[in-house]
Amino acid sequence: MTDAKAPRSARLLLRHPSAVLLAAQLIGVLLYPFVPASGEGRVLLEVFGALVLALAIWSVRHTAGRGQVLVSIALGIAASGLSIADAIQGSWGLALPSALLHALFYFWAAGNLMVYMLADHDVTVDELFAVGATFTLVAWAFAYVFAALQLVQPGCFTAAVDPLAQRTWVELLFLSFTNLTSTGLSDILPVTAHARSVVMIEQLAGVGYVALFVSRLVGLTVSRNIRGTGQSRAEPPAADTV
């Protein structure tokens with residue numbers, strides 16, 4: 001089915017893949033607490049993660065070259081396969097490369113979306129959704145870095161509740177979001193030098209992302225609105241631009 005023959009709702013989704021990716025990421029945040037972290041629940045989480053990886057590849061397909069898309073597909077398949085195998089077998093030898101491949105994939109997808117947002121000087125609706133989608137991809141990437149770090153260095157993160165236990169995926173994702181947004185509300189703390197170094201890098205990345213990408217899109221939107229005041233009513237802006 002071509003875009004022209006698809007229903008209007010389907011065409012909107014096809015034109016705004018970043019919105020679909022962002023929605024899937026946020027749905028995942030809400031679903032994780034309801035799914036058990038072991039057994040069948042973990043397998044379901046990994047299957048959902050594979051869906052998110054597929055959506056991430058779909059989101060970057062228009063701006064990434066063929067080689068970049070192939071790299072994304074290879075990373076996504078390898079990461080998903082290892083994570084599902086680890087969910088079934090529970091092996092350290094599978095968990096570590098799975099976490100590292102997931103982190104690499106999410107950083108790679110986020111980088112492609114950043115290139116997409118910097119590619120032109122017109123702010124489209126999908127680019128606005130890409131701001132949020134890219135942010136969540138980076139948050140997921142650092143959460144997987146944290147997961148890999150605590151596999152290599154057990155006890156590198158502590159918490160107010162059960163401080164000696166390994167931190168769960170939801171806790172690590174929560175830590176990643178609080179550091180990337182610079183809110184500092186997390187009760188999960190890095191207690192080793194290596195963990196603190198990674199957390200500091202994420203804090204810097206969060207501040208830099210807002211400074212570079214969010215401020216740029218806001219500036220372009222304001223600039224377009226100012227230019228638009230001098231246009232004639234007979235020449236309205238394109239439907240996909242803001």
Side-chain angles (χ1 to χ4, degrees), residues 22 25-26 28-33 35 37-38 42 45-46 49 52-53 56 75-76 78-79 82-83 86-87 90-115 117 131-216:
L22 177 59
Q25 295 280 79
L26 296 180
V29 170
L30 297 175
L31 288 180
Y32 286 147
V35 181
S38 60
R42 189 176 173 195
L45 284 178
E46 298 302 342
V52 173
L53 293 181
L75 286 174
L82 283 173
S83 61
D86 176 51
S91 169
W92 185 94
L94 293 173
L96 181 59
S98 172
L100 292 174
L101 279 175
H102 273 90
L104 182 59
F105 174 86
Y106 280 111
F107 279 128
W108 176 267
N112 280 289
L113 279 180
M114 290 177 188
V115 171
M117 289 186 287
V131 173
T134 304
F135 194 87
T136 59
L137 288 176
V138 175
W140 253 257
F142 274 104
Y144 277 110
V145 172
F146 296 157
L149 185 59
Q150 79 168 357
L151 286 171
V152 175
Q153 194 177 59
C156 60
F157 296 102
T158 189
V161 178
D162 202 359
L164 298 180
Q166 290 283 81
R167 310 285 35 116
T168 66
W169 167 248
V170 174
E171 288 178 315
L172 294 176
L173 187 61
F174 180 60
L175 173 64
S176 182
F177 267 94
T178 55
N179 280 285
L180 197 61
T181 58
S182 299
T183 57
L185 296 176
S186 178
D187 60 341
I188 316 299
L189 300 174
V191 293
T192 65
H194 297 90
R196 288 173 176 171
S197 295
V198 176
V199 166
M200 285 188 286
I201 295 297
E202 184 178 21
Q203 291 169 342
L204 181 61
V207 173
Y209 180 80
V210 172
L212 178 60
F213 290 94
V214 177
S215 60
R216 178 181 182 273

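Treat the numbers as computed from the prediction; the structure is a model and nothing was measured.
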- request: Please report the shortest heavy-atom distance between Ala143 and Ser176, naming the atom on each side.
  value: N-OG, 3.7 Å
Side chains of Leu175 and Phe146 in contact at under 4.5 Å (non-hydrogen atoms): yes
field: By side chain to side chain contact (heavy atoms under 4.5 Å, CB included) - contacts of Leu100 (at least two apart)
entry: Leu96, Ala148
- line: Interatomic distance, CG@Leu189 vs SG@Cys156, rounded to 0.5 Å, equals 12.0 Å
- prompt: Can you tell me how far CG of Asn179 sits from CG of Leu204, rounded to the nearest 0.5 angstrom?
  reply: 12.0 Å
- prompt: Mind checking whether Phe142 and Ile201 have side chains closer than 4.5 Å, heavy atoms only?
  reply: yes
query: What is the minimum heavy-atom distance between Val191 and Gly155, and which atoms define it?
result: CG2-O, 3.2 Å
task: Would you list the pairs meeting ring pair (Phe, Tyr, Trp, His ring centres under 6.0 Å) in which at least one residue belongs to residues 176-197, sequence neighbours left out?
output: Trp140-Phe177
- request: Answer yes or no: is there a side-chain heavy-atom contact under 4.5 Å between Val138 and Met114?
  value: yes
task: Work out which heavy atom in Ala133 is nearest to a heavy atom in Leu113; give both atom names and the distance.
output: CB-CD1, 4.2 Å
query: Gln150 versus Leu172: any side-chain heavy-atom pair under 4.5 Å?
result: yes
- prompt: To the nearest 0.5 Å, what is the distance between CD (Gln203) and CZ (Arg196)?
  reply: 11.5 Å
message: Rounded at 0.5 Å granularity, tell me how far OG1 in Thr168 sits from CD1 in Ile188.
response: 7.5 Å
- line: Across all chains, not counting sequence neighbours, the ring-ring contact (aromatic ring centres under 6.0 Å, His included) partners of Tyr144 are His102, Tyr106, Trp169
- request: Return the minimal non-hydrogen interatomic distance between Val199 and Pro190, and the atom names on each side.
  value: CG2-CG, 3.9 Å
task: Nearest 0.5 Å please: distance from the CG atom of Leu26 over to the OG1 atom of Thr136.
output: 6.5 Å
field: Smallest separation among heavy atoms of Thr192 and Gln153, with atom names
entry: OG1-OE1, 2.7 Å
message: Using side-chain heavy atoms (C-beta onward) and a distance below 4.5 Å, is Leu137 in contact with Gln25?
response: yes
message: Tell me the closest heavy-atom pair linking Val207 and Ser182, and the distance in Å.
response: CG2-OG, 3.7 Å
- prompt: For the atom pair CG (Leu149) and CZ (Phe157), what is the distance rounded to the nearest 0.5 Å?
  reply: 5.0 Å
